[in-house]
2 protein chains.
Amino acid sequence: MSQSVLRAARIIDAIADEPRTVMELAATFDLHRSTMFRELRALESVGYVHRRKDGRYRLGLHLVSLARRAFDDLDLPGAARDHLRTLHGIVGNTVHLAALVEDIIVYVDKVEDPSGVRMYSSIGKAVVPYASGVGKAILAGLDVGARDAVLAGATWVKFTENTISSRAELDRQLDLVTQQGWAADDREFEDFINCIAVPIVTPLGVVGALSITAIRMVQDLDTLKTRIPAMLQTATLIARELG
Amino acid sequence: MSQSVLRAARIIDAIADEPRTVMELAATFDLHRSTMFRELRALESVGYVHRRKDGRYRLGLHLVSLARRAFDDLDLPGAARDHLRTLHGIVGNTVHLAALVEDIIVYVDKVEDPSGVRMYSSIGKAVVPYASGVGKAILAGLDVGARDAVLAGATWVKFTENTISSRAELDRQLDLVTQQGWAADDREFEDFINCIAVPIVTPLGVVGALSITAIRMVQDLDTLKTRIPAMLQTATLIARELG
DNA sequence: GACATTGTTGCATCATTTGCAACACAGTTG
DNA sequence: CAACTGTGTTGCAAATGATGCAACAATGTC
């Protein structure tokens, strides 16, 4: 059973790449025309591919409706929950999880440091994208269009002296974030708080980010940076669990 | 080859319905556990399904990335083009095609009545959702959330005496549109113009609408209504071509 | 109008998938 | 704690389903 399904999946991928004819696909997969024809007919009957008037096959609509549900079922908090707690056990700091939900970034989970100061941040609260570690970690992984959408309502309020206050400056920083794979918030939202964030990247792109936070006087940014490897691994584990 | 693929598709649909275990699926499809296990492993290896920690399978992320492309490839104007011209040949009136593109409704094609008056409406122009036949035909097919999104920027300008000028009044009319399957624009945008519109509905939901337009003095609304069966059939043909 | 190319179907062969049995592992119960 | 129940997982021989072929249909091309 695996062979048929595997090949069907590869055929669908080929069609996703660009619409193809029966002959092209038969040649690509080294199959007889008749075989490929039957395969495509089967895929068409379940709505996975669709035959255009010109004879080429493209992806079918049923795939889209499936994906909508797959996306709705995507449970970032659920997938992350245990890993965040494990990370917290390692680093000790408050750990935040943020998700990108339709152009806005929202905190969806956090693990407080019981011994430390409780910080003001609540689950469900929207994140200021340009003034937070998770915001920057997520923005750095988006293409221009998506980045524009997230920043559409940006007011560029200067919360602190370090707050990024222009799109140009932000874009410059995001380039760096993309390169290094993590983002810092160096007193950019609150004067006494630092944080480091890493994106959670699935085959779909960035779906969220996680961060660790510290009071500046207790731990400086360089101390937090030593935690980056652990954070990256946590992010990878969460991504794997998602998909 | 068809049988394996067909069943795989049905299994995926079952999982889309809600996450399932190997045993449940084996029972549903009357297969041995081992067989279903192997099937799911194959589907997992290509990213179509994903095994959660609790052992249940849910849809995989690869499906979502496929769907994104499928959706991008969706070519409403291309699929509609010939059918619109055929319809124009039958009814004679100016035919418009509108698409719902990310919360806004846009004219994407039209067939002018060469003998009639050229009407002011251009391809690419955004439609006023509450003051047009195609707008109402589309809105009627959307759920509350999507309807809210489309109407987010609505100004409720009264273009004519008949223009709908409140959400409540619109919602009332849309109920009727949903019931009857078509929408009218009875001098609601321009005093001298009437139109009838029908939605184009795919398995994904409403993706657009088409309309026929007439100068009120030349053809009244009742005359236009006689064209509804032809329009509905055209919409069905277009939807079929899309999917 | 003949030719070339691709689409489409029936059929016998062949390969893949299937169910079984057996083992592994976890959670549960007496 | 040990036996048990339910599920996950793998090897193997039987059986079902997929494959290529050939032949025909349909379409476009020279």
Side-chain angles (χ1 to χ4, degrees), chain A residues 1-15 17-60 78-79 81-83 86 237 240-241 243, chain B residues 1-15 17-60 78-79 81-83 85-86 237 240-243:
Chain A
M1 168 113 300
S2 89
Q3 210 156 121
S4 297
V5 170
L6 249 65
R7 209 184 49 206
R10 279 168 46 224
I11 291 172
I12 290 173
D13 287 343
I15 290 173
D17 187 39
E18 74 175 310
R20 318 254 182 181
T21 65
V22 178
M23 289 302 281
E24 286 170 3
L25 289 167
T28 306
F29 289 89
D30 198 32
L31 288 177
H32 200 271
R33 297 172 262 166
S34 62
T35 304
M36 186 54 77
F37 167 71
R38 281 186 276 243
E39 177 101 37
L40 289 170
R41 181 168 39 181
L43 288 172
E44 185 172 23
S45 77
V46 290
Y48 280 53
V49 306
H50 181 80
R51 183 179 189 167
R52 301 195 310 198
K53 271 180 298 192
D54 65 0
R56 286 178 185 278
Y57 285 83
R58 60 164 178 76
L59 297 181
R81 183 174 177 80
D82 294 350
H83 298 293
T86 304
L237 290 174
R240 190 173 307 156
E241 194 133 329
Chain B
M1 166 112 300
S2 90
Q3 210 155 122
S4 297
V5 170
L6 248 64
R7 209 185 48 204
R10 278 168 48 223
I11 290 171
I12 290 173
D13 287 344
I15 290 173
D17 187 38
E18 74 176 310
R20 318 251 181 181
T21 66
V22 179
M23 290 301 283
E24 286 169 4
L25 289 166
T28 306
F29 289 90
D30 197 32
L31 289 177
H32 200 271
R33 297 175 268 161
S34 61
T35 304
M36 185 55 77
F37 167 72
R38 282 187 274 243
E39 177 101 37
L40 288 169
R41 181 167 39 179
L43 288 171
E44 186 172 24
S45 77
V46 290
Y48 280 54
V49 306
H50 181 79
R51 184 179 188 167
R52 301 195 310 197
K53 274 179 297 191
D54 66 359
R56 287 178 185 278
Y57 285 84
R58 60 165 179 76
L59 297 181
R81 183 174 176 79
D82 294 349
H83 298 293
R85 272 134 192 94
T86 304
L237 289 174
R240 189 173 307 156
E241 195 132 329
L242 284 171

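To find a chain, count down the sequence lines: A is the first, B the second, and so on, and within it residues start at 1.
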Just need the stems in DNA chain C: three or more back-to-back Watson-Crick or G-U pairs, each with both distances under 3.5 angstrom, sorted by first number. C:1-30 with D:1-30

Report the residues that fulfil salt bridge (charged side-chain N to carboxylate O under 4.0 Å, His left out) with [X], sequence neighbours left out, ordered by chain and then residue number.
X	result
Arg81(B)	none
Asp13(A)	none
Arg58(A)	none
Asp30(B)	none

Separation of atom [atom1] in [X] from atom [atom2] in [N], rounded to whole Å:
X	N	atom1	atom2	answer
Gln3(A)	dT16(C)	CD	C1'	7 Å
Phe29(A)	dG20(D)	CZ	P	14 Å
Leu25(B)	dG6(D)	CG	C1'	17 Å
Met36(A)	dC21(D)	CE	C1'	17 Å
Asp54(A)	dA26(D)	CG	P	21 Å

Please name all residues satisfying side-chain contact (heavy atoms from CB on, under 4.5 Å) with Glu18(B), sequence neighbours left out, ordered by chain then number. Arg20(B)

In chain order, what residues pass the ring-ring contact (aromatic ring centres under 6.0 Å, His included) check against Tyr48(A), with sequence neighbours excluded? His62(A)

5' to 3', nucleotides 5-10 of chain C under a 4.0 Å protein heavy-atom cut-off (B base, S sugar-phosphate only, - none) gives -BBSBB

Suppose the criterion is ring pair (Phe, Tyr, Trp, His ring centres under 6.0 Å): which pairs have a residue in residues 27-47 of chain B, not counting sequence neighbours? none

Ignoring backbone atoms, test whether Arg7(A) places a side-chain nitrogen or oxygen under 4.0 Å from the OP1 or OP2 oxygen of dT19(D). yes

Using side-chain contact (heavy atoms from CB on, under 4.5 Å), reason through Asp82(A) and Lys53(B) one step at a time and then give a plain yes or no. CA-CA 11 Å; Asp82(A) 294 350; Lys53(B) 274 179 297 191; 3.1 Å; yes

